[in-house]
A.B. asks: 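I have a structure I would like to understand better, so I am pasting it below and will then ask my questions one at a time.
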Amino acid sequence: MRFISTCFLFSVFLTACKKPVQPDAPDVSLDGGMLVLCEGLFQQNNSSISWVDFDNEMVINHFFEKKAGRQLGDTGNDMIRYGSKMYVVVNISSTVEVLSVKSGHSLAQISMIEGAQAKQPRSVAGGKGKLFVTCYDGYVDVIDTTTFEIENRIPVGSNPEGIVYSNGKLFVSNSGGLNFPNYDSTVSVIDLASMTEIEKIAVGVNPGPIVVDHEGDVYVISRGDYGAIPSRMHKIDPGTSSVTNFTFDASTLGVMNDRLLVGHTDFVGGESSVALFDAASESIMSSNWLNTNNATVYNLAYNPSNDRIYLSDAGDFSAAGYVHEYSSAGSLIRSFHVSINPSKMVFFAP
Amino acid sequence: MRLFLSITMLIPLVSFGQEDSLALRNDTLDIKQITVVSEWRLRTYEIIKEEQIRELQPNDVGELVQKIPGFSLRSYGGLGGLKTATVRGLGAGFNAIVVDGFSLPNVQTGQVNLGQLKADNIVRLSFSGDESWNIYAPVGAIVQGNSLMIKTFEGEHSQESVSARANVGMGSFGRYEGFGAIKVSRKRWYASISADGRLADGEYPFKFQNGQTLISETRTNNQYSDGGMRGNLGIRTNKSGHFRLGYARQGIEQALPGAMILYNSTSDELLETRLNRAFVDGYMSIRRWKTRIYGLHQSRNVLYTDPTYLNQQGFLQQQYVTRMSELGGVTIRTLQKWWFSAGVQGRTTKLSGSEDQLGTPIRKHGIVLARLRFVGRIWQYGVKASGQYINEWNTNDSKRDYLAFNPEVSIRNKINSATGSRHWRHVLLYKRSFRLPSFNELYFGTIGNTNLRPERADQLRYQLSVVPVERKLDLDIRTSMYANLVSDKIVAIPTQNLFVWSIQNIDRVGILGGDAEVFFEYPSNRHTRKWWFKANANYSFQYAVDITDAEEPTYGHQVAYIPQHSGNADFSLHHDKVGLRLSNMFVSHRYALNENTSFNLVKGFHLMDATVFGTFKLKSMKLTLRATVKNILNTQYAYIRSYPMPGRNFLISLQYAFH
């Protein structure tokens, strides 16, 4: 029996000889580069983080696994730097990973499972020494950044997605994505003093990505129904809660000083664009600020330390993607080959 | 959301008139009329007989078909779990499953769950990628890319006035099962009734590598139970005609463990399936015309429950009812050199239930078929042509029409036992087929795409078989080479973001492959010996690559989950009424996604099963005790990433047979 087994295994080795070689674990410090959260694919447990070293033009994929000795999990959805730590929200695994800002080493893993219910965390924001994590079960969890304990759960709308901090308040986009076709269309406002939802602001159908500009204005994208109702941008004044609606296509946002980078990909026609929006005049300065070469614009970010724009390109969503680097004037400089579905980026100054 | 298929066992009582041509003891439809050929009896795993099935003790048909060269199983694990098979690179939607002459379609999902097709009562399983002149093949199966024909104990007319089978078994992971069937045959009528049931808690341990750490966990929320009953009645109208009707019912309740998710072991989804089938057919042979008319009605009721779904209700429950009616007829006329066959089939399918997810689609599908075969002195030439018209509409105002013409040509040599020391069989075949998008692919929520076109496949195959006539060395050899092209492949891809998927026609897949198979038996005439030994080995090579767009990173890469190399090696040793069978299977590495990178790699594996068995006879009764250790080497493996399979497990069964 053993002989037969050995023969078979040998034959398998002979025929399956293209074995991958794992690179050595990196010993790098987080300077002069960026971490890119690559979401991976649903139910593949292949979410990962890539480290991009700008000076050496080096990419280290699966950075988290090499540092932590374990995988990140299934579908990383958000990543921020707050204080001396980084926080990575892993949606399907229902965890928040805590990393050291200096070395990228894993400091803790916060489970977002309560009883038999996975809360499916989506996005994270930091403020007043706390972490605020939107959970798809309709709450924002408040986590202490020293004990990593969940201190409070604030009820908001259905299936909250994005979250930002502005003017002493949290703004949470409620997608209602799991109530298809009856999406939510509101943004919840949480008062940080009382830790309660004080208002729901109506925007458009299926709110998702949300950012805050230098003046504290909040911009949110309502993604529509992926059919007849288009994806649109809305501005919320954090003081008055008034809403300004815009009529151009928008699916992702990046903040560049007092301007916004507005990305859009037409999945039917296969065309994409990144527009430059002036927050002061509330108008489009250029509808094609970046030459996207029809990349799948998945996320946009601006790095003030080198004055460059980064576009994460998800390609066909199932193969390894790219991050393209542009000058702030919109010229393509270079591209970095990262892992599957690159999305959020966090920058580290030299 | 995952929707599974369920199955039924059908119980026609008459025996099949003819078999797949490779399996024939004679190679003609009517040996009295056609002067050819006998002794062609190639043994191949394209035909798996009752004795082999019992020795293998498979959990289901899914485990059986992976013995067939060119088949690649996709199993999501556990008893009753979803199992589908690709054949020579063609997706599961190209496979027709036929049980006792009636097809088992699932228009909602487009694929049959082989994990819910039990093997207890199967006496013969055959795979036909060739043109088949089996009168009991429905027209819809004949025009499919591939067909899997299953014949059950209940489906064979017994020469005995009373015959019976019973089987009880128990195994690892809380598994218990039972099956019983009785047949009564008289001169002018026959009847049978059977019932079966299975139960398992399904919790099995598994290990997986998480980075540098080997993790041990238990597969939970994997309970499974099913039960079914079947009955039928056959009436012989005269010497050359008969009529049969039957009814089958099956219920399945299963928990869905889902993918193994790192750091999150919660899962609580449930699926219930109720399947009812009623069928009737009539067969008539007048002069050189053989004709069969058949009808089938099937209803499939599926109830999916997610008790902790994160919508406003706090749970999700969706019910789908698919009703399908099919009516068809086939006629075959044989002359000295010319064979002619024609067929027609109409099918109506309606899906109702969760209106907001799928609407209420109705599909009408008509097929006409004509076949011609010319039998020359050395070669046989075959031509087949089918036309199909599909008319479909949905309550969401979607309407679709589709018209298709599919040709097939083949040439093969005749076998003449009077000459040569061995028989050589050459077959060259080209065929075109397609598979329709399923209702889920067309209409399901935001995923569905009403602009989908059918997925098309062109198959070109050469097959060579050798059977020595002088049986000093009892050896059969079969090889085949093929080139297939799949166009407008239907795939699910994320669009907008990871949670917004859509079904698209985007891929083209080119497939080059070959397989080889050897059967060996010693001594050749085992019926006169106490000891005998049998061995079978096969190997399949499938180079199935994405050729959609040379600019894409996956161009030229092996398609996800199709192994380049796979094979089987089975050995059995018999002494009188006891025996031992070792069954080996290996599958080389595969990729979880079309991009062939190390991080998408799914490791290859080798499985070994061992069965010991003994048979004891008491007058007309026969008792057989079998004990199987599956995965004896306790290999930790997965067909699909994140769906770990069971390690070493056991199954013991006792079978009772009367006549």
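Every chain is numbered from 1, with letters handed out A, B, ... down the list of sequences.
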A.B. asks: Where on A:Leu72 is there a heavy atom nearer than 4.5 Å to chain B: the side chain, the backbone, both, or neither?
C.D. replies: backbone

A.B. asks: If I measure from the heavy atoms of chain A, does B:Asn596 come under 4.5 Å with its side chain, its backbone, both, or neither?
C.D. replies: neither

A.B. asks: Name the region of A:Ser111, side chain, backbone, both or neither, that has any atom closer than 4.5 Å to a heavy atom of chain B.
C.D. replies: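 A:Ser111 has no heavy atom closer than 4.5 Å to chain B.
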
A.B. asks: Looking only at heavy atoms, what is the nearest atom pair of A:Gln117 and B:Leu310, with distance?
C.D. replies: NE2-CD2, 3.4 Å

A.B. asks: Less than 4.5 Å to any heavy atom of chain A: does that hold for the side chain of B:Tyr309, its backbone, both, or neither?
C.D. replies: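 Contact with chain A: side chain only.
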
A.B. asks: A:Asn46 side chain to B:Phe599 main-chain N or O, any donor-acceptor pair under 3.5 Å?
C.D. replies: no

A.B. asks: Report yes if some heavy atom in the side chain of A:Gln44 is under 4.5 Å from a heavy atom in the side chain of B:Leu593; otherwise report no.
C.D. replies: yes

A.B. asks: Can you name the nearest heavy-atom pair linking A:Gln43 to B:Ile261, along with the distance?
C.D. replies: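 Nearest heavy atoms, A:Gln43 then B:Ile261: CA-CD1, 4.0 Å.
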
A.B. asks: Are A:Asp316 and B:Asn594 side-chain neighbours, meaning at least one heavy-atom pair lies under 4.5 Å?
C.D. replies: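 A:Asp316 vs B:Asn594: side chains apart.
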
A.B. asks: Measuring from B:Tyr263:OH to A:Gln71:CD, what's the distance to the nearest 0.5 Å?
C.D. replies: 6.5 Å

A.B. asks: Closest heavy-atom contact between A:Ala320 and B:Glu595?
C.D. replies: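 Closest approach of A:Ala320 to B:Glu595, heavy atoms only: N-OE1, 2.7 Å.
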
A.B. asks: Near B:Phe208 CZ, under 6.0 Å, is it more than 12 heavy atoms from other residues, nucleotides or ligands?
C.D. replies: yes

A.B. asks: I'd like to know which of B:Ile506, B:Ile640, B:Asp268, B:Thr266 tops the heavy-atom pair count under 4.5 Å against chain A.
C.D. replies: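 Of the candidates given, the most pairs with chain A belong to B:Thr266.
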
A.B. asks: Search all heavy atoms of B:Gln312 against all heavy atoms of A:Asn179 and return the closest pair with its distance.
C.D. replies: N-OD1, 2.9 Å

A.B. asks: Rounded to the nearest 0.5 Å, how far apart are CG of A:Leu41 and OG of B:Ser642?
C.D. replies: 10.5 Å

A.B. asks: Measuring heavy-atom distances to chain A, does B:Asn210 have an atom under 4.5 Å in its side chain, in its backbone, in both, or in neither?
C.D. replies: both

A.B. asks: Measuring heavy-atom distances to chain B, does A:Asp137 have an atom under 4.5 Å in its side chain, in its backbone, in both, or in neither?
C.D. replies: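 The answer is both parts of A:Asp137.
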
A.B. asks: For residues A:Gly73 and B:Leu262, report the shortest heavy-atom separation together with the two atoms involved.
C.D. replies: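 Result for this residue pair: CA-CD1, 4.0 Å.
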
A.B. asks: To the nearest 0.5 Å, tell me how far B:Asn311 CG sits from A:Ser158 OG.
C.D. replies: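 That separation rounds to 9.0 Å.
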
A.B. asks: So, using side chain to side chain donor-acceptor pair (under 3.5 Å) as the criterion, who are the partners of A:Glu114 when residues are at least two apart?
C.D. replies: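 By the side chain to side chain donor-acceptor pair (under 3.5 Å) rule, A:Glu114 matches no residue at all.
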
A.B. asks: Compare every heavy atom of B:Asn264 with every heavy atom of A:Ala118, then report the nearest pair and how far apart it is.
C.D. replies: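 Shortest heavy-atom contact: CB-ND2, 3.5 Å.
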
